[in-house]
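A quick write-up on the structure given underneath.
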Amino acid sequence: MARPRRQEARRAALIEATYAAGRQHGLRSLSLTDVAEQAGLSRGAVLYYYEDLDALLVEAHGAGVERFCDQRDATVAALDDPRDRLGAAIDAGLPSGPDDALMSLLYEFDVLAGNSELHDELVQKLYLRQVETYTRIFAAGRAAGVFEPRLDDDELAMTFVALEDAYGLHIVGGNALMTVPKAAAAMRAVAEQLRCPTTSSAA
């Protein structure tokens, strides 16, 4: 059983190397050699695990979507009050900063949409999971009587995903005028104006 575990660990390491190399070189110019150098391996060693760069990128894309969505959903699920959940979802949905390799690459993967059916599916999957996370929160807040929005839950969710992605792109793009705290505060202010406060009265 040791060999499968080693292969799984090596694949995971190559995915991490893909994120780091993608951040450094950009997805458009990324090469298999770049990933190999980042991982401290030969190009041939990478090809032992993946048929080509496209295969590695598809797996890295899928793993990134799962990691981002699963981690945020776990953070949100640990909270009871929908107001606290909304605040946590906003905070967890934004990049950690300009050097957030995973989020940077997830945004860059959007450029592959239209060129690859697999990437199309993954881009859509990420969007649907983002919408689903917010929709659940808004529905719970409405049911608990702590949210009183005039928009329906789907419209609210789409709006917050759009804000999340727009601010996130500015952050990973290195726009000095947009910081993580500034983006989070703006989203919380929008939520407040939409009658969906982001913190409970006990917070």
Side-chain angles (χ1 to χ4, degrees), residues 2-75 90-130 133 161-184:
R3 184 176 178 83
R5 284 199 297 270
R6 285 199 301 269
Q7 289 184 346
E8 183 177 342
R10 181 56 58 85
R11 285 177 177 269
L14 286 172
I15 287 173
E16 294 302 323
T18 301
Y19 296 151
R23 178 62 180 160
Q24 181 179 352
H25 299 282
L27 197 59
R28 293 177 185 273
S29 60
L30 184 67
S31 70
L32 201 63
T33 300
D34 294 330
V35 176
E37 290 178 353
Q38 182 67 40
L41 298 171
S42 68
R43 191 173 182 277
V46 178
L47 289 171
Y48 176 80
Y49 294 96
Y50 294 96
E51 181 180 352
D52 52 26
L53 179 62
D54 286 342
L56 175 55
L57 288 175
V58 167
E59 186 159 328
H61 191 174
V65 169
E66 293 296 330
R67 181 187 305 181
F68 167 72
C69 295
D70 289 350
Q71 287 180 349
R72 173 157 68 171
D73 286 348
T75 298
I90 289 171
D91 293 340
L94 293 169
S96 61
D99 297 325
D100 191 321
L102 173 59
M103 292 300 294
S104 178
L105 209 60
L106 284 177
Y107 287 126
E108 277 207 74
F109 274 127
D110 286 350
V111 305
L112 297 180
N115 297 321
S116 162
E117 184 176 340
L118 288 173
H119 284 297
D120 284 351
E121 292 176 0
L122 288 167
V123 167
Q124 292 169 17
K125 179 179 180 180
L126 174 57
Y127 175 75
L128 289 173
R129 286 201 60 178
Q130 288 174 284
T133 294
V161 171
L163 289 171
E164 179 175 286
D165 288 345
Y167 287 134
L169 278 168
H170 280 285
I171 292 167
V172 299
N175 182 352
L177 298 176
M178 180 53 63
T179 64
V180 177
K182 188 174 183 178

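One-based numbering along the sequence shown.
- Put simply, the side chain of Asp73 never gets that close to the backbone of Asp70: no donor and acceptor are under 3.5 Å apart.
- Note on residues 11-21: pairs passing side-chain hydrogen bond (donor to acceptor under 3.5 Å, both in side chains), not counting sequence neighbours, are Glu16-Arg67.
- For the atom pair Glu66 CD and His61 NE2, the distance stands at 10.5 Å (nearest 0.5 Å).
- When every heavy atom of Val172 is checked against every heavy atom of Gly97, the shortest pair comes out as CG1-O, 4.1 Å.
- Contact of the Tyr50 side chain with the Leu57 side chain is not registered, since no non-hydrogen atoms from C-beta on lie closer than 4.5 Å.
- Looking at every heavy atom in both residues, Ala17 comes nearest to Val35 through CB-O, 3.9 Å.
- For the atom pair CD of Glu37 and CD of Gln24, the computed distance is 9.0 Å after rounding to the nearest 0.5 Å.
- Summarising the geometry of Ser104 relative to Arg23, their closest heavy-atom pair is OG-NH1, 3.0 Å, with the distance given to 0.1 Å.
- Note: Asp100 CG to Ile171 CD1 = 9.5 Å, rounded to the nearest 0.5 Å.
- The CD atom of Glu108 sits 10.0 Å away from atom CG of Leu169, with the distance rounded to the nearest 0.5 Å.
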Run Arg129 and Arg72 through side chain to side chain contact (heavy atoms under 4.5 Å, CB included) and show every step you take. CA-CA 10 Å; Arg129 286 201 60 178; Arg72 173 157 68 171; over 6 Å; no

In sequence, state the C-alpha distance, the side-chain angles, and the governing distance for Leu14 and Glu59, and then conclude on side chain to side chain contact (heavy atoms under 4.5 Å, CB included). CA-CA 10 Å; Leu14 286 172; Glu59 186 159 328; over 6 Å; no

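- Interatomic distance, Ile15 CD1 to Tyr49 OH, rounded to the nearest 0.5 Å: 13.0 Å.
- Note that OG1 of Thr75 is 10.0 Å distant from CG of Asp91, once rounded to the nearest 0.5 Å.
- When the side-chain hydrogen bond (donor to acceptor under 3.5 Å, both in side chains) test is applied to Lys182, no partner is found at least two apart in sequence or on another chain.
- The minimum heavy-atom distance between Leu32 and Leu47, with the atom names listed, is CD2-CD2, 3.3 Å.
- A pairwise comparison of heavy atoms in Ala55 and Glu51 identifies CB-N, 4.2 Å as the closest pair.
- Nearest heavy-atom pair, Phe68 versus Leu126, reported as atom, atom and distance to 0.1 Å: CD2-CD1, 3.6 Å.
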